2 protein chains.
Amino acid sequence: MATPSRRDTPGALTGQAEDYLKVIYHLERSGEAAATSDIAAELGVAPASVSGMLQRLARLGLVRVERYRGARLAPPGRHVALQLIRRHRIIESFLATKLGYSWDDVHDEAERLEHAASTELIERMAESLGHPTADPHGAPIPTVEGRVDERSLRSIAEMTVRETARVVRMSDRDPAFLRYLAGVGLTPGVEVTIVAIAPFDGPVELRIARKRVSIGAAAAGQVFIEPV
Amino acid sequence: MATPSRRDTPGALTGQAEDYLKVIYHLERSGEAAATSDIAAELGVAPASVSGMLQRLARLGLVRVERYRGARLAPPGRHVALQLIRRHRIIESFLATKLGYSWDDVHDEAERLEHAASTELIERMAESLGHPTADPHGAPIPTVEGRVDERSLRSIAEMTVRETARVVRMSDRDPAFLRYLAGVGLTPGVEVTIVAIAPFDGPVELRIARKRVSIGAAAAGQVFIEPV
DNA sequence: CGGAAAAGTTAGGATGTACTAACATTCTGA
DNA sequence: TCAGAATGTTAGTACATCCTAACTTTTCCG
């Protein structure tokens with residue numbers, strides 16, 4: 001009856017500590033070390049809590065911290081983060097494909113399940129989905145070995161007039177944003193052509209499957225594309 | 001990125017506290033208040049830890065404790081326990097039916113997921129299964145309102161020679177025990193007829209689908225039946 | 001360049017949960 | 001019945017995590 005620990009790998013971490021590693025992973029993608037205040041903002045905790053946790057994670061060999069200068073993942077920490085991201089994206093795919101969740105609604109559920117699901121469950125889900133390589137928002141799913149295609153993609157905001165490209169992915173964080181995108185027809189896989197770009201960060205007008213839509217510059221910067 | 005809390009209902013409990021309520025629910029089915037040491041044994045914690053937790057749960061109005069005499073669930077605690085059991089059994093059914101888990105292997109996974117899954121996920125699973133009323137081990141699934149058919153069933157050990165009955169359920173706790181039962185053909189739904197009962201708690205010989213098998217008295221006491 | 005603002009850390013405390021050791025109560029059997 | 005066994009509780013401690021308040025370091029701008 002006691003809740004069994006999920007951890008199949010040695011060195012059990014709590015879900016909290018795991019979340020820190022995931023956040024550091026994402027922040028670090030900018031190239032800079034993850035800043036204490038950014039981690040705090042991302043997790044919704046006080047900066048002081050982050051300082052404390054970073055010391056613990058450093059003691060465990062999961063991150064390298066330079067005092068006053070932020071944190072970077074050590075290889076074992078990176079591995080944990082990548083497996084968590086794998087879990088997250090497989091769960092999102094499963095919920096959307098097998099349980100009728102809409103793509104804007106899968107994030108929070110996955111955020112909780114990724115800490116509780118066993119590796120066996122994750123792999124069974126992956127198998128029942130035919131081992132997908134991207135989640136419903138187009139984010140690439142790391143392999144069991146921790147390989148992931150993290151090319152930095154161009155966004156719609158970086159396209160030029162008359163250019164055509166295929167939408168690859170978008171952030172999964174804000175359900176309302178995702179619903180908006182789906183509403184105007186922007187989902188992974190569709191082709192878009194830039195019709196016009198208003199100056200001074202103005203809206204971008206584009207064609208999606210014969211329809212004209214106009215989206216704000218901020219939104220355009222959150223939708224990533226690749227050459228057709 | 002912060003792990004969102006599962007709790008849709010007010011008064012969030014941790015998974016640990018929830019486990020205590022579930023254990024008390026099961027122990028209380030005997031009619032007696034749940035004893036500190038029994039709760040401790042079930043959860044794998046020290047009796048002192050149970051005393052502490054019972055005080056907290058009592059303060060929250062979830063259990064009623066009589067010092068030195070054990071705990072009983074208060075109505076709100078009973079509700080939490082029943083919903084947890086509903087979650088557990090729906091998850092077990094889902095894993096077995098939709099993800100190819102074997103019935104002896106679903107318990108631990110469900111034990112962790114029941115604390116992390118949202119009510120929405122549970123209801124989507126239930127729906128995709130056609131709203132099952134029993135889990136793979138034959139245990140009844142409480143309704144959303146908290147109703148559950150908890151008749152106390154007779155076990156094979158209480159049958160008499162030449163009597164025939166249908167297997168309804170068995171304990172889901174020990175995977176090896178479940179594999180053994182499946183091996184001799186004892187699964188929910190099959191009919192058994194008692195051929196002989198050795199005296200002094202000796203083995204019970206029975207016929208299952210034309211085959212003769214002999215099981216120990218202890219095992220016979222763990223397999224529950226109803227009249228055909 | 002130097003002081004104020006921003007960012008980060010430490011100190012000290014709260015909560016939930018666990019432990020062991022010591023003490024208290026209840027049960028049980030001769 | 002009553003003493004020892006069994007059971008339960010309290011006290012004191014530990015750890016993970018959070019907080020606020022006070023302090024330190026870094027950054028930035030006039």
Side-chain angles (χ1 to χ4, degrees), chain A residues 1-7 11-24 27-28 30 32-72 77 80 112 115, chain B residues 1-7 11-24 27-28 30 32-72 77 80 111-112 115-116:
Chain A
M1 190 66 73
T3 298
S5 153
R6 179 199 101 211
R7 278 291 158 211
L13 287 182
T14 66
Q16 276 321 107
E18 288 180 334
D19 274 343
Y20 277 82
L21 295 174
K22 229 178 39 161
V23 166
I24 295 167
L27 290 172
E28 220 188 340
S30 72
E32 301 294 302
T36 297
S37 53
D38 290 348
I39 300 170
E42 203 67 37
L43 289 169
V45 301
S49 305
V50 176
S51 290
M53 179 64 94
L54 290 182
Q55 288 172 12
R56 232 165 296 126
L57 294 175
R59 187 159 35 77
L60 293 170
L62 297 168
V63 301
R64 275 189 291 269
V65 183
E66 256 188 285
R67 258 179 113 224
Y68 292 102
R69 297 193 170 279
R72 286 178 189 279
V80 172
R112 278 177 278 103
H115 302 291
Chain B
M1 191 65 75
T3 298
S5 153
R6 179 200 100 213
R7 277 291 156 211
L13 286 182
T14 65
Q16 275 322 107
E18 289 180 334
D19 273 343
Y20 277 83
L21 295 174
K22 229 178 40 160
V23 166
I24 295 167
L27 291 172
E28 221 188 338
S30 71
E32 302 293 302
T36 297
S37 53
D38 290 348
I39 300 170
E42 203 67 38
L43 289 169
V45 302
S49 306
V50 175
S51 290
M53 179 64 93
L54 289 182
Q55 288 171 11
R56 231 165 296 129
L57 294 175
R59 185 159 38 75
L60 294 170
L62 297 168
V63 301
R64 277 190 290 269
V65 182
E66 256 188 283
R67 256 175 116 229
Y68 290 104
R69 296 192 172 280
R72 284 178 190 279
V80 172
E111 201 66 38
R112 278 176 278 103
H115 302 291

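Quick note on labels: first sequence line is chain A, next is B, and so on, each numbered from 1. Keep in mind it's a predicted model, so treat the numbers as computed, not measured.
Per the geometry, CE belonging to A:M53 stands 12 Å off C1' belonging to D:dC15, to the nearest Å. In this entry the distance linking OH of B:Y68 with C1' of D:dA5 reads 15 Å, nearest Å. Atom P of nucleotide C:dT15 and atom CG of B:L60 are separated by 13 Å, given to the nearest angstrom. Rounded to an integer number of Å, the gap from CZ of B:R56 to P of C:dA14 is 16 Å. With rounding to whole Å, A:L54 atom CG is found 15 Å from D:dA16 atom P. For A:E18 and D:dT17, the CD to P distance is 10 Å, given to the nearest whole Å. If you measure from atom CG of B:L57 to atom P of C:dA18, you get 10 Å, rounded to the nearest angstrom. Residue A:E66 contributes atom CD, which lies 11 Å from atom P of D:dT27 at whole-angstrom precision.
Between D:dT9 and B:T36, a contact under 4.0 Å exists linking OP1 or OP2 to a side-chain N or O. Distances shown here put every side-chain N or O of A:S37 at or beyond 4.0 Å from the OP1 or OP2 atom of C:dA6. Note on A:R69: every side-chain N or O is 4.0 Å or more away from OP1 and OP2 of C:dT9. In this model, the phosphate group of D:dC18 is not approached by any side-chain N or O of A:S49 to a distance below 4.0 Å at OP1 or OP2. Considering only side-chain N and O atoms, B:Q16 lies nowhere under 4.0 angstrom from the phosphate OP1 or OP2 of C:dG16. Taking 4.0 angstrom as the limit, A:Q55 places none of its side-chain polar atoms (N or O) nearer than this to OP1 or OP2 of C:dT9. The side chain of B:Y20 contributes no N or O atom lying less than 4.0 Å from OP1 or OP2 of C:dG16.
The nucleotide whose nearest atom lies closest to any side-chain atom of A:A48 is, among D:dT20, C:dG8, C:dT25, D:dT20. Minimum atom distance to the side chain of A:A46 is reached by D:dC19, of the listed D:dT10, D:dC19, D:dT25. Residue A:V45 has its side chain nearest to D:dC18 when only D:dT9, D:dT10, D:dC18 are considered. When each of C:dT9, D:dT17, D:dG8 is scored by its nearest atom to the side-chain atoms of A:P47, the top-ranked nucleotide is C:dT9.
Going from atom CD1 of B:I39 over to atom OH of B:Y20 covers 8.0 Å, rounded to the nearest 0.5 Å. Atoms CD1 and CD, from B:I24 and B:E42 in turn, are 11.5 Å apart once rounded to the nearest 0.5 Å. In this structure, the separation between OG1 on B:T36 and CG on B:L27 is 10.5 Å, given to the nearest 0.5 Å.
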Working for side-chain contact (heavy atoms from CB on, under 4.5 Å), residues B:H115 and B:D19: CA-CA 9 Å; B:H115 302 291; B:D19 273 343; 2.9 Å; yes
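A salt bridge links B:K22 to B:E111: one of the charged nitrogens lies within less than 4.0 Å of a carboxylate oxygen.
Nucleic acid contact class of B:R67 (heavy atoms, under 4.0 Å, all strands): sugar-phosphate only.
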